[in-house]
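Just so it is clear, the model here is predicted, and its values are computed rather than measured.
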Amino acid sequence: MRISTNTLYEQGVARISEVQSGLAKTQQQLATGRRILTPADDPIAAARALEVAQSQAVNAQFAINRQTAVGSLNAVENTLTGVTSMLQDARVIAINAGNATLTDEERGYLATELRGRFDGLLALANTTDGTGNYLFSGYQVTKQPFVQTLPGVVQYMADQGQRQLQVDSARQMAISDSGQRVFQGGNQDIFKTLNDLITLLETPGTATLSTGLATATGAIDKALDNVLTVRASVGSRLKELDALDSTGQDRDLQYSQVLSQLQDLDYAQAISQLSQQQVTLEAAQKSFLKTSGLSLFNFL
């Protein structure tokens with residue numbers, strides 16, 4: 001069988017190209033640190049790596065959502081801390097007003113002080129977050145929840161919704177509480193309670209002072225209990241978010257480990273393969289040069 005010169009050239013070039021291609025691939029693997037450069041390198045592992053990477057991305061989004069939830073709930077908690085403090089102040093004022101030695105004028109001073117607490121509570125009820133959205137307006141975040149329609153008369157203008165956020169694959173969490181639940185919940189309107197107490201203290205020589213003060217103190221206690229109940233719920237959600245964060249971090253680590261096993265390069269094996277490919281390429285090149293130089297004239 002006779003082998004033509006063209007055939008020798010074609011075979012030689014093909015062999016050199018094959019070795020060069022393998023060498024280039026190994027060099028690229030070493031440069032990227034990845035065993036799989038294209039899905040064709042390992043279709044099963046590539047498909048599995050894509051699936052794990054997508055799951056890791058979803059897990060990362062849940063982590064971002066939890067950060068948003070923590071920020072929102074911390075803002076609610078900080079505001080409710082202020083509400084609690086003002087209600088406690090109002091309770092102290094109500095108790096002090098029961099002092100029999102106080103004159104009508106002195107009780108008027110207490111009413112003025114209480115009016116300041118009223119205005120402070122109204123401001124807290126209309127607190128906004130860092131983006132200008134109202135904390136206690138339900139779903140209507142751009143609508144001011146509480147409006148003083150008449151002196152001492154406050155109406156809730158928003159809805160009862162609780163904004164929800166997906167914080168894990170199987171967990172949606174409320175990141176807000178409606179203002180009506182907080183400030184008018186438990187059948188106790190904080191603003192009406194304080195306004196009634198202010199009116200009582202501003203009325204000189206009232207015969208029903210003791211009864212009115214007892215009623216006001218009881219109403220403030222109920223309002224406090226309601227606010228503390230909401231705060232307990234917020235605290236419980238914040239604690240759950242901490243636990244979900246810990247679980248999410250563990251899950252992210254697991255995803256990274258699986259991806260490493262599927263994609264990462266065995267450097268020792270790759271370096272050994274690179275050396276072998278370089279030797280093979282050099283041998284192929286030398287062999288091609290010798291073969292391509294053969295001619296019948298060399299034997300004449």
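For the pair S233 (side chain) and T229 (backbone), a donor-acceptor distance under 3.5 Å is absent. Under a 3.5 Å cut-off, the side chain of Q148 and the backbone N or O of G152 do form a donor-acceptor pair. Counting only distance, with no hydrogens or angles, the side chain of N59 and the backbone of G248 share a donor-acceptor pair below 3.5 Å. Here the side chain of S236 pairs no donor or acceptor atom with the backbone of A232 at under 3.5 angstrom. Listed for the T103 side chain is a donor-acceptor partner under 3.5 Å among the backbone atoms of E106. Looking at R117, its side chain never comes within 3.5 Å of a backbone N or O of A90 through a donor-acceptor pair. Listed for the T247 side chain is a donor-acceptor partner under 3.5 Å among the backbone atoms of A243. A donor-acceptor pair is defined here as one N or O able to donate and one able to accept, closer than 3.5 Å; such a pair exists between the side chain of D159 and the backbone of Y139.
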Q162 vs S178, side chain to side chain contact (heavy atoms under 4.5 Å, CB included): CA-CA, chis, key distance, verdict
CA-CA 6 Å; Q162 280 187 299; S178 75; 5.7 Å; no
Which is it for L238 and D242 under the side chain to side chain contact (heavy atoms under 4.5 Å, CB included) test, yes or no, and what are the steps along the way? CA-CA 6 Å; L238 285 169; D242 283 340; 5.7 Å; no
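Between I190 and V227, some side-chain heavy-atom pair lies under the 4.5 Å cut-off. Proximity of Q88 to L224: side-chain heavy atoms (C-beta onward) are separated by under 4.5 Å at one or more points. Side-chain atoms of M173 and R66, non-hydrogen and from C-beta on, never get closer than 4.5 Å to each other.
With respect to S256, the side-chain hydrogen bond (donor to acceptor under 3.5 Å, both in side chains) criterion is satisfied by exactly one of R251, Q261, Q56: Q56.
Between the OH atom of Y109 and the CG atom of L102 there is a distance of 11.5 Å, given to the nearest 0.5 Å. The distance from the CG atom of L244 to the NZ atom of K239 is 13.0 Å, given to the nearest 0.5 Å.
For the residue pair T84/R231, the side-chain donor-acceptor check at 3.5 Å is satisfied. Side-chain contact check for Q188 and T193: at least one donor-acceptor pair (N or O, by modelled atom type) lies under 3.5 Å.
For F191 and F146, the ring centers are positioned less than 6.0 Å apart.
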